[in-house]
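See below for the structure under consideration.
All values below come from the heavy atoms of this structure, side chains included, with hydrogens, waters and symmetry mates left out. Here is how names work: the chains are called A, B, and so on, in the same order as the sequence lines, proteins then strands, and each is numbered from 1.
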Protein chains: 2
Amino acid sequence: MNQNVITTVDVVLLTLAGKALNVVLMKRDREPFKNQYALPGGYIRPDEDVDVTAAAKRVLKQKTGIVSPYLEQLYTFSGGARDLRGWSISVAHYALVNESALRKGGNESFFLFPADNVPPLPFDHNKIIEFALERLRNKSSYSSLPSYLLPPQFTLTELQHTYELIMGTKLDKSVFRRKLSDLDFLEPVKNAIKMGKHRPAQLYKIKKDNRLVIFDRTV
Amino acid sequence: MNQNVITTVDVVLLTLAGKALNVVLMKRDREPFKNQYALPGGYIRPDEDVDVTAAAKRVLKQKTGIVSPYLEQLYTFSGGARDLRGWSISVAHYALVNESALRKGGNESFFLFPADNVPPLPFDHNKIIEFALERLRNKSSYSSLPSYLLPPQFTLTELQHTYELIMGTKLDKSVFRRKLSDLDFLEPVKNAIKMGKHRPAQLYKIKKDNRLVIFDRTV
DNA sequence: GAAATAGTGTCTGTAAGACATTATAGG
DNA sequence: CCTATAATGTCTTACAGACACTATTTC
């Protein structure tokens, strides 16, 4: 049975750059919309991919060179209207990476755009990005998700600023730190101090290595 | 380009029956797993369905006769291992319906099973049901979602019991009602009173008709 | 010492939880 | 009257928010 459904994956890769949340876009190397900016995406390959998330990881790696520490299925976009080539499914994913890992691991073929100011894109890619941002905002309010945008070690102020940036709200320093210590998912890194023209700051890392921590309260 | 990916939808239809959460299952009318219980599901039909959610609604209607007041995309399950026929995608949805609407609108070809005691099912259908229950539990804690399991009019005690059943926790009556009135999404139905061998109870309905209400706090 | 940021302490208001009390039906 | 449930009130505690204060570095 041939249903003639095009099956693809797209990835919304987000990172912090220049004190703003940025989306990674690529110039399409083929028709349709050749040479236009779009999300990294591609066909599912049943012979290579064990499931759609594996497909998303493969596509991200092949197109950008990046292996993200956090990648999650977002939503499945579908229909006959979104792609000229026919009725299609895109299982969209989103991923987070810290900027230095992106600069180091990436193959330089991609471009960063401020997440709140993305140009009009082909297909329904603008909508997919909106979904990703909404998911990120929601999930950040009750999890350690924003830490994937930071390097492995960071100060509490850096973490707070990241939460503030994502959620678009100011947080009180004292309240934020009280909650963090209640949530008990960070640990100070011995002898790791961030210097500056002021009192130095203790560096922290996530306790459970590289695992998303879900809180029972909001930050 | 033929990718040979089987594209399907499955629906986890949940309802309240006998003071428990129940899943609707059907006996499969074709191979594989003919005559075994499974989730209502079917192929996506690009010529009929505008998107996957339309496909899920169509499949649910055709197989069970039911049009659910609430149906939401859940998660996309995929891979070469889940279906003998080949590499497949199932865009799973979940839906809620109150029991009397199910009895009235349904075509009697389905079966109810307690959601916490579903028999082993073909494909990854047990896993899909687990996902649906987890989503229902999560979303219920901060929304009016459980009201879709109740008739259009209900008492506050019935609503509270529904929340308790879904989330598996006891709630304090006074606290629950205080929060509900703060959340301001219910309205009493004039002259609608539920009688019994005790003080009669006021009947309520959701203010915004048939719309999911998201709270900024938990119930 | 001044500037800048790190890090902690204190007060207050509000909301949640526990529980008691009153209200209103049937028998 | 008793029983059962509806509906509301009260007290206490916990936590969020606001803000002040202290600490430690560079210049």
Side-chain angles (χ1 to χ4, degrees), chain A residues 19 138 140-144 146-147 150-151 153-205 214-219, chain B residues 19 140-144 146-147 150-151 153-205 213-219:
Chain A
K19 292 191 181 302
N138 270 322
S140 291
S141 68
Y142 61 89
S143 77
S144 61
S147 62
L150 292 172
Q153 298 184 8
F154 46 81
T155 68
L156 297 185
T157 301
E158 289 167 346
L159 184 62
Q160 181 182 339
H161 287 340
T162 306
Y163 273 97
E164 289 176 340
L165 185 67
I166 292 171
M167 305 199 295
T169 56
K170 284 285 170 192
L171 301 172
D172 182 88
K173 179 169 62 169
S174 172
V175 174
F176 182 73
R177 288 169 184 232
R178 245 188 344 223
K179 289 186 183 182
L180 284 186
S181 70
D182 289 349
L183 292 169
D184 186 43
F185 79 106
L186 291 180
E187 59 182 339
V189 183
K190 279 273 184 192
N191 302 321
I193 303 290
K194 173 144 182 170
M195 304 302 282
K197 307 177 183 177
H198 47 75
R199 176 172 173 177
Q202 175 66 53
L203 288 168
Y204 288 81
K205 66 184 181 98
I214 304 290
F215 312 149
D216 41 350
R217 311 196 160 276
T218 62
V219 294
Chain B
K19 293 190 179 302
S140 291
S141 68
Y142 61 88
S143 78
S144 62
S147 62
L150 291 173
Q153 298 183 9
F154 46 81
T155 68
L156 297 185
T157 301
E158 289 168 345
L159 184 61
Q160 182 182 339
H161 287 339
T162 306
Y163 274 97
E164 289 176 339
L165 186 66
I166 292 171
M167 304 198 297
T169 55
K170 284 285 169 192
L171 302 172
D172 182 89
K173 179 167 64 170
S174 172
V175 174
F176 182 72
R177 288 167 185 234
R178 243 185 349 221
K179 289 187 182 179
L180 285 185
S181 72
D182 289 351
L183 292 169
D184 188 42
F185 81 104
L186 290 180
E187 59 182 340
V189 183
K190 279 273 185 190
N191 302 321
I193 302 289
K194 172 142 181 173
M195 304 301 281
K197 308 178 184 179
H198 48 74
R199 177 173 173 177
Q202 175 67 52
L203 288 168
Y204 288 81
K205 66 185 181 98
V213 182
I214 304 290
F215 312 148
D216 40 348
R217 308 195 163 276
T218 63
V219 291

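Here C/dA16 presents its C1' atom at 17 Å from CZ of B/Arg177, a figure rounded to the nearest Å. Straight-line distance from the NE2 atom of A/His198 to the P atom of D/dA23: 19 Å, rounded to whole Å. In this structure, the CG atom of A/Asp216 is 15 Å from the C1' atom of C/dA16, given to the nearest Å. If you take CG of B/Leu159 and C1' of D/dA7, they are 15 Å apart, rounded to a whole angstrom. Put simply, CD on B/Gln160 is 12 Å from C1' on D/dA7, counting in whole angstrom units. Whole-Å rounding puts the A/Lys179 NZ to D/dC15 P distance at 11 Å. The interatomic distance linking A/Leu171 (CG) with D/dC19 (P) rounds to 15 Å, in whole Å. Summarising the geometry, the separation between CZ on A/Phe215 and C1' on D/dC15 is reported as 17 Å, rounded to the nearest angstrom.
In this structure, of D/dA7, C/dA6, C/dT24, it is C/dT24 that holds the atom nearest to the side chain of B/Pro200. In this structure, of C/dA16, D/dA7, D/dA16, it is D/dA16 that holds the atom nearest to the side chain of A/Val175. Set against D/dT24, D/dA18, C/dT8, the side chain of A/Asp172 has D/dA18 as its closest nucleotide.
Taking only side-chain nitrogens and oxygens, B/Arg199 never comes nearer than 4.0 Å to OP1 or OP2 of C/dA23. Within the structure, every side-chain polar atom (N or O) of A/Lys170 is placed at least 4.0 Å from both OP1 and OP2 of D/dG17. The side chain of B/Ser174 contributes no N or O atom lying less than 4.0 Å from OP1 or OP2 of D/dT8.
Using a 4.0 Å heavy-atom criterion, one finds that A/Arg217 contacts the sugar-phosphate atoms exclusively. Among the heavy atoms of the strands lying under 4.0 Å from B/Lys173 is at least one base atom, whether or not backbone atoms are also near. Residue contacts shown for B/Thr155 are absent, as no nucleic acid heavy atom lies under 4.0 Å away.
Between the side chain of A/Glu187 and the backbone N or O of A/Lys205 there is no donor-acceptor pair closer than 3.5 Å.
At a cut-off of 3.5 angstrom, the base of C/dG17 holds at least one donor-acceptor pair with the side chain of B/Arg178.
Between A/Tyr163 and A/Ser141, the closest side-chain pair of non-hydrogen atoms is not below 4.5 Å.
Using modelled atom types and a 3.5 Å distance limit, the side chains of B/Glu158 and B/His161 yield no donor-acceptor pair.
Of all the heavy atoms in A/Ser140 and A/Ile166, the pair that sits closest is OG-CG2, 3.7 Å.
A distance of 8.0 Å separates CG of B/Leu171 from NZ of B/Lys179, quoted to the nearest 0.5 Å.
When the nearest nucleotides of DNA chain C are assigned to A/Leu156 and A/Lys197 by heavy-atom distance, the more 5′-ward of the two goes with A/Lys197.
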